[in-house]
Amino acid sequence: MRFKGIIFDLDGVICFTDKYHYKAWKALADKLGIYFDEEINDRLRGVSRMASLDIILERSEKKYSEEEKLRFAEEKNELYRDLLAEMSPSDISDEVRKTLSALRERGLKLAIGSSSKNTPLILKKTDTAKYFDAVSDGNNIAFSKPDPEVFLKAAGFLGLKPEQCLVVEDAFSGIEAGVAGGFATAGIGPASQYEKTDYPLNCFADLLKTPIE
Ligand code: BG6
Ligand code: MG
């Protein structure tokens, strides 16, 4: 068998939280008088919370202290979590659920590899924890994507080596992290157009057609 495990990014692969991140960052940017739009929001895919804030603050004339930045990030996260509270199992498509079940039936081990510290909340609200044998997320890493740490930890939790796992990502930074860790990569959405992606996917169910076995 080519792969024994698949490591999935969460935001933009399993579920679509971009709109909530956007709303919450936009509210903060508006409050600080900083220009922010959906194109800038796209640059935040896969990037940690503090690194995302730094990208937003690139357009600020004012320099902020570390303490102020931590406060801004906390403020954004509170608003983001209020929006996540509205999520439910219906936020995960049938296509994603059926594909995950089919991959498990084929004997593959599945894990989450996400930069988000809100991963446990999202998995709970959407009732998706049951599909995964392991979860590696923003709570167990020191370095965010494009560093490979989150995926290396996920592979370790599964008891597998990087070459035995496929990483599924929507973000360029996530594909970079996969490559840096020695993983094969599958790309969905923006990452399907990225030259470093090994397996471009048109849709999530395409994973079943990818030579994973
Ligand atoms: C990633 C998202 O999954 O998690 C990023 O793609 C986000 O946009 C990052 O900034 C960190 O998320 P959180 O929930 O820890 O603020
Ligand atoms: Mg993502």
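Each ligand, and each atom within it, is numbered from 1 in the order the structure gives. Computed from a predicted structure; not experimentally measured. Below, all heavy atoms of this structure are taken into account, side chains as well, without hydrogens, waters or symmetry copies.
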Can a side-chain donor-acceptor contact be found between Glu176 and Ser173 if the only test is distance below 3.5 angstrom? no
Tyr131, Phe204, Phe151 screened by ring pair (Phe, Tyr, Trp, His ring centres under 6.0 Å) with Phe8, the one that passes: Phe204
Donor on one side chain, acceptor on other, Asp11 and Asn118, under 3.5 Å: no
Applying ring-ring contact (aromatic ring centres under 6.0 Å, His included) to Phe172 and not counting sequence neighbours gives Tyr194
For ligand 1, list the protein residues that place a heavy atom within a distance below 4.0 Å of one of its atoms, sorted by chain and number. Asp11, His21, Leu44, Arg45, Gly46, Val47, Ser48, Arg49, Ser52, Tyr80, Ser114, Ser115, Ser116, Lys117, Asn118
Could you go through the side-chain contact (heavy atoms from CB on, under 4.5 Å) check for Ile7 and Leu166 one step at a time? CA-CA 6 Å; Ile7 304 171; Leu166 176 70; over 6 Å; no
Distance below 2.8 Å from the Mg ion (ligand 2): protein N/O/S atoms: Asp9 OD2, Asp11 O, Asp170 OD1
Answer with yes or no whether the side chains of Ser114 and Ser116 bring together a donor and an acceptor at under 3.5 Å. no
When you measure from the centre of the six-membered ring of Tyr80, is the NZ or CZ of Lys76 under 6.0 Å away and within 45° of the axis? yes
Tell me the ring pair (Phe, Tyr, Trp, His ring centres under 6.0 Å) pairs involving residues 39-74, sequence neighbours left out? Tyr64-Phe72
Asp127 bridged to Lys124 by N-O distance under 4.0 Å: no
